[in-house]
Protein chains: 2
Amino acid sequence: MAASVERLQLRVQELEVELAQERSRRAQGGGRARIEKMSPEVVDSNPYSRLMALKRMGIVNDYEKIRTFAVAIVGVGGVGSVTAEMLARCGIGKLLLFDYDKVELANMNRLFFQPHQAGLSKVQAAEYTLRNINPDVLFEVHNYNITTVENFQHFMDRISNGGLEEGKPVDLVLSCVDNFEARMTINTACNELGQTWMESGVSENAVSGHIQLIIPGESACFACAPPLVVAANIDEKTLKREGVCAASLPTTMGVVAGILVQNVLKFLLNFGTVSFYLGYNAMQDFFPTMSMKPNPQCDDRNCRKQQGEYQKKVAALPKQEVVQEEEEIIHEDNEWGIELVSEVSEEELKNSSGPVPDLPEGITVAYTIPKKQEDSVPEVTVQDSGESLEDLMTKMKNM
Amino acid sequence: MAASVERLQLRVQELEVELAQERSRRAQGGGRARIEKMSPEVVDSNPYSRLMALKRMGIVNDYEKIRTFAVAIVGVGGVGSVTAEMLARCGIGKLLLFDYDKVELANMNRLFFQPHQAGLSKVQAAEYTLRNINPDVLFEVHNYNITTVENFQHFMDRISNGGLEEGKPVDLVLSCVDNFEARMTINTACNELGQTWMESGVSENAVSGHIQLIIPGESACFACAPPLVVAANIDEKTLKREGVCAASLPTTMGVVAGILVQNVLKFLLNFGTVSFYLGYNAMQDFFPTMSMKPNPQCDDRNCRKQQGEYQKKVAALPKQEVVQEEEEIIHEDNEWGIELVSEVSEEELKNSSGPVPDLPEGITVAYTIPKKQEDSVPEVTVQDSGESLEDLMTKMKNM
């Protein structure tokens, strides 16, 4: 009898250990150990060997530098989640993720999230998966909407201080949001902070997209000339309320995330040519490129301020360097004999319902600012009032 | 004492149940239930709502048809795994996966596989993840190398009979392999079977790639003019043996998988224009397109046979239709005013060590066939002998 008790007690102990191990396996997903220093060693167990090989191939001079960068991603949906995964797998130093949405089964037609994550917040689910894929990356996630007054202040603070070293700004902000308001909010923040950022977008019919590099004062900001307004003329909330939704494809979103992160790598690690604007037309496999100068009449006063500062900086440079800088920005032709053409057709421009702004030479719009919906709930929007977001926020605070 | 034994026995039972549940939770990963019929209903729980919206947007006439197609993917690495994931999320009817490699931590710089899968076969790990993402897709996986004599016969049989309905051929074969030999093997099989397939590839320096549509007899096959030979001039096994490896990036591979599957969708669901050749130069964000007619002097006798059959078919068509068909194949210009240029520069051609084949008008090579390595282990390769793969296989069988 005593032997039996002892045997059972041992069995209970055994099972308890097994259960704990099993639970921890499921919780961890069985990731890998952290790696202190990136190694070029070619062994099956080295997750960085194929990236460090970029040095040997003569593409990147100093791949290890990737660990020194912090990138903020706003919007962790079809484009943002894949963007975050690519950067995590490339070994980026730190990722800051901003989203306020939850994972739904309706998101399963895009890469990254899986059915068992339905119901979790997108930032939480993404952090969990990405930590597991690469535990060397630092994560900071914020489960909130950046367009509210309070969150906007916090967002500005994290862009300014959330770099790899706390107190330093992030190196790049990536906009992977799906609506006009959030894009304008990021634009406002980046113009005020002089923060370089990249815009991305996918059309509501799922078969075109674009990326855009915005260096405040140097290239057109989102308010100078919005290049592609997703779901133009249609209020996003109205769509959802009426049981209608935009189409999306994992292909288009994967391509947009791919060209976005490729340009992030080229920008941070200093190789190849960074595109100021790259479009993707999936129906024709057409990829237009262009560059846009900032609009001196831009509605955003911080954009105009940054333009002044940039011009002063350029004027102060020796003549030789100015020429080089100009060439880099404009790159109107390339060695491939390809013509730079705008994605927009005359008909598209005519059919677009918003007014075409009066723009200086060198700027064209692909899409105009959405016309206000007459039957929608009136909302205070930046483009209607002509006021800056900060002004509006101050007003709202004083209400 | 008896009570104690009973209590312990109960505890053992409890723990055993808990452990079994925990194990099954980890194994299942908590997927979703199967869905009998695709619905356009816009609810958060519908994984197909954003795809069915392509009909409402006027892009695809009959999206549900996706469920009637079977696609074979050869190579489940950096491009193939993402290709499989995109097709699974799009709701493809059946996927046939072929690979003989194991997941390694060294693969973690690309999308899809995760560290806890290290050591598993790629096809097994992929099937597990993809079933979990979309249980509506049928899977057939083969953990073998298609280039061996025995496996080649089995591969041919599955291409011919592994369609959605057993006994019918698959609808499309996708080549996502990383070496010349496997590409030639797929080419041989598809030429013999008259099977339409798409080729894909990424360069060893990780910053360029391509996709190509091959309709036997109608467009150039891989033996007519290889468009991009990955790791040209370097034997893959030699590379691994000497501790050197090719570079790769999740960005380039994601873009190539994205443009590949986008063209698969356009081909299967009949929308947009399917590209015969689309290149991706990541350094310049340049995407050349071209089309290549088959080579009447092609080494592959089945390619020449298919050319003859295609010409007979075209000759039998009413004149009007012939003209349309020709336009569709050639499309030498497009509405975007973009020039069609080859990805290859004069210098690249000069530097390539293989001989430039004597090609008829309309065919150019991007890369030549790799020159035989003098110091490598002698191997029977198709390009050296000038014999077809079947002839070689018959010889080997008789050895």
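What you see is a predicted model, and the numbers here were worked out from it, not measured in a lab. No hydrogens, no waters, no symmetry mates; every other heavy atom, side chains included, goes into these values.
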Working for side chain to side chain contact (heavy atoms under 4.5 Å, CB included), residues Thr289(A) and Gln284(B): CA-CA 10 Å; Thr289(A) 55; Gln284(B) 306 288 336; over 6 Å; no
Arg50(A) and Arg110(B): CA distance, side-chain angles, deciding distance, side chain to side chain contact (heavy atoms under 4.5 Å, CB included) verdict: CA-CA 9 Å; Arg50(A) 312 292 168 95; Arg110(B) 301 152 225 178; 2.6 Å; yes
Side chain to side chain contact (heavy atoms under 4.5 Å, CB included) between Leu15(A) and Arg11(B), intermediate numbers included: CA-CA 10 Å; Leu15(A) 282 166; Arg11(B) 183 71 190 129; over 6 Å; no
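For Val256(A), no part lies under 4.5 angstrom from a heavy atom of chain B. Within the 4.5 angstrom heavy-atom criterion, only side-chain atoms of Leu265(A), from C-beta onward, approach chain B. In this structure, the portion of Val207(B) lying under 4.5 Å from any heavy atom of chain A is its side chain and not its backbone. Interface residue Val43(B): only backbone heavy atoms are found under 4.5 Å from chain A. Of the atoms belonging to Glu14(A), not a single heavy atom falls under 4.5 Å from chain B. At a 4.5 Å heavy-atom cutoff, the contact between Leu278(B) and chain A is made by side-chain atoms alone. The contact between Asp44(B) and chain A is made by backbone and side chain atoms together, counting heavy-atom distances below 4.5 Å. With a threshold of 4.5 angstrom between heavy atoms, Val261(A) approaches chain B through its backbone and through its side chain. Contact annotation for Thr252(B): both backbone and side-chain heavy atoms come within less than 4.5 Å of a heavy atom of chain A. At a 4.5 Å heavy-atom cutoff, the contact between Phe112(A) and chain B is made by backbone atoms alone. Contact annotation for Asn134(B): neither backbone nor side-chain heavy atoms come within less than 4.5 Å of a heavy atom of chain A.
Per-residue counts of heavy-atom pairs under 4.5 Å with chain A were compared for Ser49(B), Ser248(B), Cys90(B); the largest is that of Ser248(B). Ranked by heavy-atom pairs under 4.5 Å with chain B, the first of Ala88(A), Gly254(A), Gly258(A) is Gly258(A). Contact count versus chain A (heavy atoms, under 4.5 Å) is highest, among Gln9(B), Met283(B), Met108(B), for Met283(B). Each of Asn263(A), Ile59(A), Asn109(A) has some count of heavy-atom pairs under 4.5 Å with chain B, and the biggest count is that of Asn109(A). Annotation: maximal heavy-atom pairing with chain A below 4.5 Å, among Ser45(B), Gly58(B), Ala206(B), occurs at Ser45(B). Across Ala282(B), Gly272(B), Ala106(B), Ala118(B), the residue that shares the most heavy-atom pairs under 4.5 angstrom with chain A is Ala106(B). Of the listed residues Glu85(B), Lys55(B), Met52(B), the one with more heavy-atom pairs under 4.5 angstrom with chain A than any other is Glu85(B).
The one candidate from Leu111(B), Thr251(B), Asn107(B), Leu249(B) that meets the side-chain contact (heavy atoms from CB on, under 4.5 Å) condition with Arg89(A) is Leu111(B).
The minimum heavy-atom distance linking Val255(A) with Ile259(B) is given by the pair CG2-N, 3.8 Å. Across every non-hydrogen atom of Asp285(A) and Ser275(B), the tightest pair is OD2-OG, 2.5 Å.
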